Novice: 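I'd like to ask you about the structure that follows.
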There are 2 protein chains.
Amino acid sequence: MAGSGNRGRPRDAEVDRRILNAARDLLLSKGYAALSIDEVAERAGSAKTTLYRRWPTKDHLILSVIAQMQGDVSIPDSGDLRADLRYYLKAVAGGLDGMRKAGRGEDADDRSAGLVGELAGVAARHRDLGELVRSVFERRNAVAIGLLTSTTERGALRADVDPVVLLDQLIGPIYYRVLVTGAPIDTDYIEALIDGALLGAEPRV
Amino acid sequence: MAGSGNRGRPRDAEVDRRILNAARDLLLSKGYAALSIDEVAERAGSAKTTLYRRWPTKDHLILSVIAQMQGDVSIPDSGDLRADLRYYLKAVAGGLDGMRKAGRGEDADDRSAGLVGELAGVAARHRDLGELVRSVFERRNAVAIGLLTSTTERGALRADVDPVVLLDQLIGPIYYRVLVTGAPIDTDYIEALIDGALLGAEPRV
DNA sequence: CCTATTTCGCTACGATAGTTTCGTAATTGA
DNA sequence: TCAATTACGAAACTATCGTAGCGAAATAGG
């Protein structure tokens with residue numbers, strides 16, 4: 001009703017793109033703390049004002065970038081649960097590892113939590129951003145949980161095993177290593193995780 | 001050799017105590033981001049310089065406080081693995097939950113990662129602090145791994161199960177919930193974690 | 001074509017907070 | 001007592017987030 005909401009000069013979508021790209025580049029090369037809004041604006045060739053018209057705070061901008069980086073991980077449903085999980089966990093680990101390596105120039109293989117850790121900090125500071133982070137990861141995991149549930153219904157997993165807990169025991173250790181211990185996450189580790197989680201979950205023959 | 005290291009005006013140990021106490025109080029009531037060095041100094045009745053002579057940066061001070069808060073978790077070795085694990089996991093979860101509730105005034109039961117998340121951020125920003133955080137948690141877990149190893153040697157756990165992976169699947173989900181999903185961690189959950197991890201790890205009868 | 005409306009870039013500003021400089025006080029060894 | 005050395009406190013410095021005020025540009029509607 002009333003006022004047409006679309007009057008005046010429209011926003012330039014190209015500007016959004018430039019800002020997000022600039023922020024992403026700086027985020028990957030310097031990390032969160034060392035990234036300044038001024039620098040982002042300069043690199044994007046726009047004014048800080050333009051930036052603040054879109055995102056209310058630095059944290060919001062950064063989270064926007066990260067959400068874009070994380071994207072969606074599709075998960076196959078081939079019937080081979082182990083293979084599907086292997087694929088999914090590798091995708092998750094790969095995404096986190098990319099963020100772990102970012103944020104500190106060339107020393108890529110250190111054990112720093114890098115961006116992931118800073119993201120945890122961001123989420124801890126703003127309630128709304130924490131919600132957003134959670135929604136991203138929950139949406140992602142929902143697919144995996146669906147897979148586990150249907151596998152259970154097929155009888156390939158014991159009915160008394162909670163799919164949520166099962167997935168936690170697959171995903172949790174990956175985040176734990178990235179965020180806390182810094183231990184490496186390789187193919188063998190993922191295999192061991194799957195074994196450990198499924199051995200007790202599969203019906204005894 | 002040479003210069004006696006103890007010349008000049010000695011540091012006032014009382015000042016250290018006052019600073020740490022002030023920082024702890026503020027940290028618990030306002031969280032990391034909202035805590036300012038000025039405020040810490042004022043509350044401690046000292047100058048900021050005095051503070052910076054002891055800790056090179058705000059992050060270092062904060063981590064010092066947190067390390068002091070975390071303390072050590074002793075783990076019993078009663079022979080009943082499940083009971084011992086239950087005790088240990090509850091202690092870990094309790095410690096994290098205390099930190100999760102801290103740092104945001106009265107709204108204690110939200111799903112924010114609170115201090116734990118900020119701790120992850122701190123560890124991500126400074127290489128040396130990351131090392132320190134890791135050493136704290138590794139020292140802690142070493143006892144638990146020892147327990148699992150001796151249990152394996154006793155034959156109560158299958159020999160082909162890696163104690164490190166097993167512990168990751170017990171501890172990881174707890175950190176994951178605190179830091180990422182914000183899901184609650186109650187007694188039932190801990191029980192489910194233990195079941196999920198041990199069911200496949202115990203020898204088939 | 002004209003006006004209202006909104007965005008854009010620019011410059012400057014206020015505010016907050018981490019970090020450093022500098023002069024002074026306390027302490028030890030000779 | 002004197003010199004060297006270290007700790008201390010006050011104030012200054014600096015960086016950065018976020019805002020405000022401007023004129024110009026772009027668009028929709030009449």
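Chain naming here is simple, since letters A, B, ... match the order of the sequence lines and numbering starts at 1 in each. As the structure is a prediction and not an experimental result, all values here were calculated from the model.
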Novice: Can you measure B/H126 atom NE2 to C/dG18 atom P for me and round it to whole angstrom units?
Specialist: 12 Å
Novice: Is the gap between the ring centers of B/F137 and B/Y175 under 6.0 Å?
Specialist: yes
Novice: Heavy atoms only: give me the nearest B/K58-B/L35 pair and the separation to one decimal.
Specialist: NZ-O, 2.8 Å
Novice: Choosing from C/dT5, C/dC8, C/dA17, which nucleotide comes nearest the side chain of A/R7?
Specialist: C/dT5
Novice: For A/D12 and C/dT6, what is the distance between atoms CG and P respectively, to the nearest whole Å?
Specialist: 18 Å
Novice: Of all the choices, C/dT7, C/dG18, D/dC17, which nucleotide is nearest to the side chain of B/D38 once you look at every atom?
Specialist: C/dG18
Novice: Decide yes or no on side-chain contact (heavy atoms from CB on, under 4.5 Å) for A/I194 and A/L170, but give the supporting numbers first.
Specialist: CA-CA 7 Å; A/I194 296 178; A/L170 290 167; 4.3 Å; yes
Novice: I need the minimum non-hydrogen distance between A/D77 and A/S150, along with the two atoms involved.
Specialist: OD2-OG, 4.4 Å
Novice: Counting C-beta onward and ignoring hydrogens, is there a side-chain heavy-atom pair between B/L132 and B/H126 closer than 4.5 Å?
Specialist: no
Novice: Let me know the distance between CG of A/D16 and C1' of C/dC8, rounded to the nearest Å.
Specialist: 12 Å
Novice: Do other residues, nucleotides or ligands put more than 12 heavy atoms under 6.0 Å from the CD atom of B/E191?
Specialist: yes
Novice: If you take any heavy atom closer than 4.0 Å to DNA chain C, which residues from residues 42-57 of chain B end up in contact?
Specialist: B/K48, B/T49, B/Y52, B/T57
Novice: Could you state the CZ-P distance from B/R125 to C/dG18, rounded to the nearest angstrom?
Specialist: 11 Å
Novice: Looking only at the side chains, is there a donor atom on one of A/R18 and A/N21 sitting less than 3.5 Å from an acceptor on the other?
Specialist: no
Novice: Which nucleotide in the list D/dA26, D/dA4, C/dG9 gets nearest to the side chain of A/R18?
Specialist: C/dG9
Novice: Nearest to the side chain of B/R9 - C/dG18, D/dA26, C/dA26?
Specialist: C/dA26
Novice: For the pair made of CG in B/L35 and C1' in C/dG18, what is the distance, rounded to whole Å?
Specialist: 12 Å
Novice: Let me know the distance between NZ of B/K58 and P of C/dG18, rounded to the nearest Å.
Specialist: 4 Å
Novice: Would you kindly give the CG-to-C1' distance between B/D59 and C/dA17, to the nearest whole Å?
Specialist: 13 Å
